[in-house]
Amino acid sequence: GQQVMQIPQYQHVQEGEDFTTYCNSSTTLSNIQWYKQRPGGHPVFLIQLVKSGEVKKQKRLTFQFGEAKKNSSLHITATQTTDVGTYFCAGSDGNNRLAFGKGNQVVVIP
Amino acid sequence: DGGITQSPKYLFRKEGQNVTLSCEQNLNHDAMYWYRQDPGQGLRLIYYSQIVNDFQKGDIAEGYSVSREKKESFPLTVTSAQKNPTAFYLCASSAPGQAAPQHFGDGTRLSIL
């Protein structure tokens with residue numbers, strides 16, 4: 001079945017620094033979504049990317065969809081303690097199912 | 001407020017027992033999903049339903065069963081055939097359409113006594 005890989009699986013980030021998390025698929029995706037799960041919480045939808053090469057920004061977060069629509073990245077600048085949590089990407093290859101990656105658990109060091 | 005309600009938040013099961021997890025949504029969404037989350041494993045799809053009275057197996061359906069008699073409700077039964085049921089279970093719903101964004105409930109944490 002469709003698989004989406006995320007790297008790295010864990011990150012420790014100093015408060016104030018930037019970091020990036022990556023998502024890769026072996027197949028072409030029709031769209032990719034990003035979710036954030038705070039510790040003890042549930043995943044919350046952040047954004048959806050549909051077009052090849054698409055870039056979207058939400059304040060300090062920048063999301064990018066690759067030209068081949070097989071990879072995506074999330075870049076966060078000036079990390080804050082509120083950025084702690086696990087970031088999931090989820091891809092669809094055209095059916096109504098999403099394949100979630102295993103997530104990137106981010107710990108912020110004050 | 002519209003949303004998804006999962007109950008109970010914590011659930012304990014004895015060996016050999018079936019247990020049913022509740023999921024109710026008032027978002028008027030057609031599609032509903034059940035995921036299992038284990039540490040380091042991300043979200044794995046158990047069952048999903050795109051319309052009332054219809055559902056499909058996901059990637060790890062063995063030992064689980066569902067029903068979708070009402071649009072608002074999608075209960076999950078963890079049967080005694082599920083050999084490792086201890087996990088965090090998440091229910092989600094979405095509008096119809098190609099992989100529409102999913103809205104998640106707060107989850108149920110199931111443990112074996």
Side-chain angles (χ1 to χ4, degrees), chain A residues 1-11 21-25 27-51 56 58 63 65 69 72 85-107, chain B residues 1-7 9-10 21 23 25 27 29-51 54-62 68 74 87-109:
Chain A
Q2 178 189 347
Q3 287 191 333
V4 173
M5 312 297 291
Q6 286 190 250
I7 52 171
Q9 193 171 358
Y10 302 98
Q11 286 196 73
T21 182
Y22 300 91
C23 183
N24 298 298
S25 170
T27 60
T28 302
L29 301 170
S30 62
N31 70 71
I32 196 152
Q33 299 173 16
W34 285 91
Y35 293 78
K36 177 183 178 181
Q37 184 176 21
R38 293 182 182 274
H42 60 270
V44 174
F45 172 76
L46 295 177
I47 208 159
Q48 178 171 272
L49 305 170
V50 179
K51 299 176 184 175
K56 287 188 177 180
Q58 289 180 350
F63 304 84
F65 202 7
K69 300 183 75 173
S72 180
T86 301
Y87 294 85
F88 292 98
C89 65
S92 171
D93 60 5
N95 58 32
N96 281 324
R97 290 177 49 170
L98 283 176
F100 281 82
K102 293 186 177 182
N104 176 197
Q105 185 176 342
V106 175
V107 173
Chain B
D1 279 346
I4 299 179
T5 302
Q6 289 188 243
S7 61
K9 192 173 179 69
Y10 298 94
L21 282 59
C23 179
Q25 55 100 358
L27 298 168
H29 284 165
D30 287 310
M32 296 187 74
Y33 312 82
W34 273 105
Y35 293 92
R36 171 180 171 140
Q37 186 172 33
D38 297 283
Q41 292 297 316
L43 302 175
R44 292 185 291 170
L45 183 64
I46 304 172
Y47 268 98
Y48 65 106
S49 168
Q50 297 184 23
I51 198 167
D54 187 46
F55 50 82
Q56 286 80 40
K57 292 182 178 180
D59 300 317
I60 55 165
E62 186 175 351
R68 187 83 188 277
F74 192 40
F88 187 49
Y89 291 88
L90 286 159
C91 178
S93 71
S94 71
Q98 202 173 84
Q102 295 183 10
H103 300 255
F104 286 83
D106 289 338
T108 293
R109 194 166 296 278

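Letters A, B, ... mirror the listed sequences (proteins, then strands); counts begin at 1.
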What's the separation between atom OH in Tyr35(B) and atom CG in Leu98(A), rounded to the nearest 0.5 Å?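 Tyr35(B) OH to Leu98(A) CG: 5.5 Å, rounded to 0.5 Å.
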Engaged part of Leu45(B) at the chain A interface, taking heavy atoms whose separation is under 4.5 Å: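 Contact with chain A: side chain only.
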Please give me the minimum heavy-atom distance between [X] and [Y], naming the atom from each residue.
| X | Y | value |
| --- | --- | --- |
| Gln48(A) | Pro101(B) | OE1-CD, 3.9 Å |
| Gln102(B) | Tyr35(A) | N-OH, 2.9 Å |
| Phe88(A) | Gln37(B) | CZ-NE2, 3.4 Å |

What option among Gly58(B), Ala31(B), Gly105(B) has the most heavy-atom pairs under 4.5 Å with chain A? Gly105(B)
Heavy-atom contact with chain B under 4.5 Å, split by part of Gln37(A):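 Looking at Gln37(A), just its side chain touches chain B.
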